[in-house]
**Student:** 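The structure follows.
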There are 2 protein chains.
Amino acid sequence: MSAPKLSAEAIQSKLKELNNWRHEGDALTQRFQFSNFVEAFGWMTSAALVAESMDHHPDWKNVYNRVDVALSTHDSGGVTEKDFKLAHAMDALARSRVLSAPKG
Amino acid sequence: MSAPKLSAEAIQSKLKELNNWRHEGDALTQRFQFSNFVEAFGWMTSAALVAESMDHHPDWKNVYNRVDVALSTHDSGGVTEKDFKLAHAMDALARSRVLSAPKG
């Protein structure tokens with residue numbers, strides 16, 4: 001059974017818990033920027049492992065240090081709890097990459 | 001110094017050595033399809049290591065088992081030998097993934 005599609009109001013409310021994600025069309029979208037390609041692809045690799053373990057995969061585009069992400073639950077025709085769960089995980093992975101960077 | 005941009009004629013000639021790549025706009029483009037997300041992202045990881053070692057990075061978009069790639073040399077304003085080199089490497093990596101898949 002596919003997860004229930006969230007209402008626009010529910011999405012707006014839950015967006016406040018995320019770090020600057022947007023609701024565009026049928027998806028949650030975000031642009032992640034890193035210091036270079038290695039950092040960007042390293043983050044993608046971490047996020048890919050999480051996505052595969054959730055069996056819920058992002059649409060994403062990478063150009064050098066930038067990753068544009070769109071999360072949507074295609075079976076449900078919109079945004080569901082699964083998208084928010086993956087978005088939270090992506091935010092956490094981005095934070096941990098920044099915090100673990102060498103100082104100086 | 002950036003690599004010299006290739007002429008449309010040179011690009012058409014060199015495209016024959018690749019596996020169904022196209023010349024669109026200022027880029028070489030290709031759609032790679034795999035059996036699932038793990039295969040697609042595994043291929044991307046291999047290609048990312050090659051790209052980083054060449055210091056020449058793809059623009060690419062992944063949706064589940066599909067990876068759309070565009071290769072262009074931004075400093076040169078078009079397609080150069082570096083793009084063909086990366087395209088050949090990507091083809092070789094895609095071939096090796098297929099050949100090494102377990103037989104069913």
Side-chain angles (χ1 to χ4, degrees), chain A residues 2-3 24-80 82-83 85-87 89-90 93-94 97 101, chain B residues 2-3 24-80 82-83 85-87 89-90 93-94 97 101:
Chain A
S2 51
E24 295 183 299
D26 280 340
L28 300 181
T29 64
Q30 175 66 292
R31 169 167 289 183
F32 289 93
Q33 291 208 248
F34 300 89
S35 48
N36 53 41
F37 178 74
V38 168
E39 289 297 315
F41 201 81
W43 173 83
M44 288 179 77
T45 305
S46 305
L49 295 171
V50 171
E52 181 62 18
S53 72
M54 291 175 61
D55 194 20
H56 188 58
H57 304 88
D59 293 5
W60 48 2
K61 180 177 172 159
N62 161 239
V63 179
Y64 193 58
N65 68 329
R66 204 174 72 213
V67 187
D68 288 315
V69 177
L71 304 181
S72 187
T73 307
H74 301 292
D75 290 352
S76 306
V79 173
T80 68
K82 291 170 87 169
D83 300 302
K85 193 173 164 193
L86 184 52
M90 286 179 154
L93 290 169
R97 290 193 79 78
Chain B
S2 50
E24 294 183 300
D26 280 340
L28 301 181
T29 64
Q30 175 66 292
R31 169 167 290 184
F32 290 93
Q33 290 207 247
F34 301 90
S35 48
N36 53 40
F37 178 75
V38 168
E39 288 298 315
F41 200 83
W43 173 83
M44 286 179 78
T45 304
S46 304
L49 294 171
V50 171
E52 181 63 18
S53 73
M54 290 174 61
D55 194 19
H56 189 58
H57 304 89
D59 293 4
W60 48 3
K61 180 177 173 163
N62 161 238
V63 179
Y64 193 59
N65 67 330
R66 203 174 74 215
V67 187
D68 287 314
V69 177
L71 304 181
S72 186
T73 307
H74 301 292
D75 289 351
S76 307
V79 174
T80 68
K82 292 170 87 169
D83 300 302
K85 192 173 166 194
L86 183 53
M90 286 179 155
L93 290 169
R97 290 195 79 77

**Student:** Any idea which of A/Asn62, A/Asp59, A/Val67 has the most non-hydrogen atom pairs under 4.5 angstrom with chain B?
**Tutor:**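 So the answer, after comparing A/Asn62, A/Asp59, A/Val67, is A/Asn62.
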**Student:** With sequence neighbours left out, what residues match A/Asp68 under salt bridge (Lys or Arg N to Asp or Glu O under 4.0 Å)?
**Tutor:**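 Once residues adjacent in sequence are excluded, the partners of A/Asp68 under the salt bridge (Lys or Arg N to Asp or Glu O under 4.0 Å) criterion are A/Arg31, A/Arg66.
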**Student:** Kindly compute the distance separating NE2 (A/His74) from OH (B/Tyr64), expressed to the nearest 0.5 Å.
**Tutor:**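 If I round to the nearest 0.5 Å, the distance is 11.5 Å.
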**Student:** Look at the aromatic rings of A/Phe37 and B/His57 and report parallel, tilted or perpendicular, splitting at 30° and 60°.
**Tutor:**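 Geometry flag for B/His57 against A/Phe37: tilted rings.
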**Student:** Could you walk me through whether A/Leu49 and B/Phe41 pass the side-chain contact (heavy atoms from CB on, under 4.5 Å) test, one step at a time?
**Tutor:** CA-CA 10 Å; A/Leu49 295 171; B/Phe41 200 83; over 6 Å; no
**Student:** Looking at A/Ala51, A/Ala48, A/Ala70, which makes the most heavy-atom pairs under 4.5 Å with chain B?
**Tutor:**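 Going by pairs under 4.5 Å, I would pick A/Ala48.
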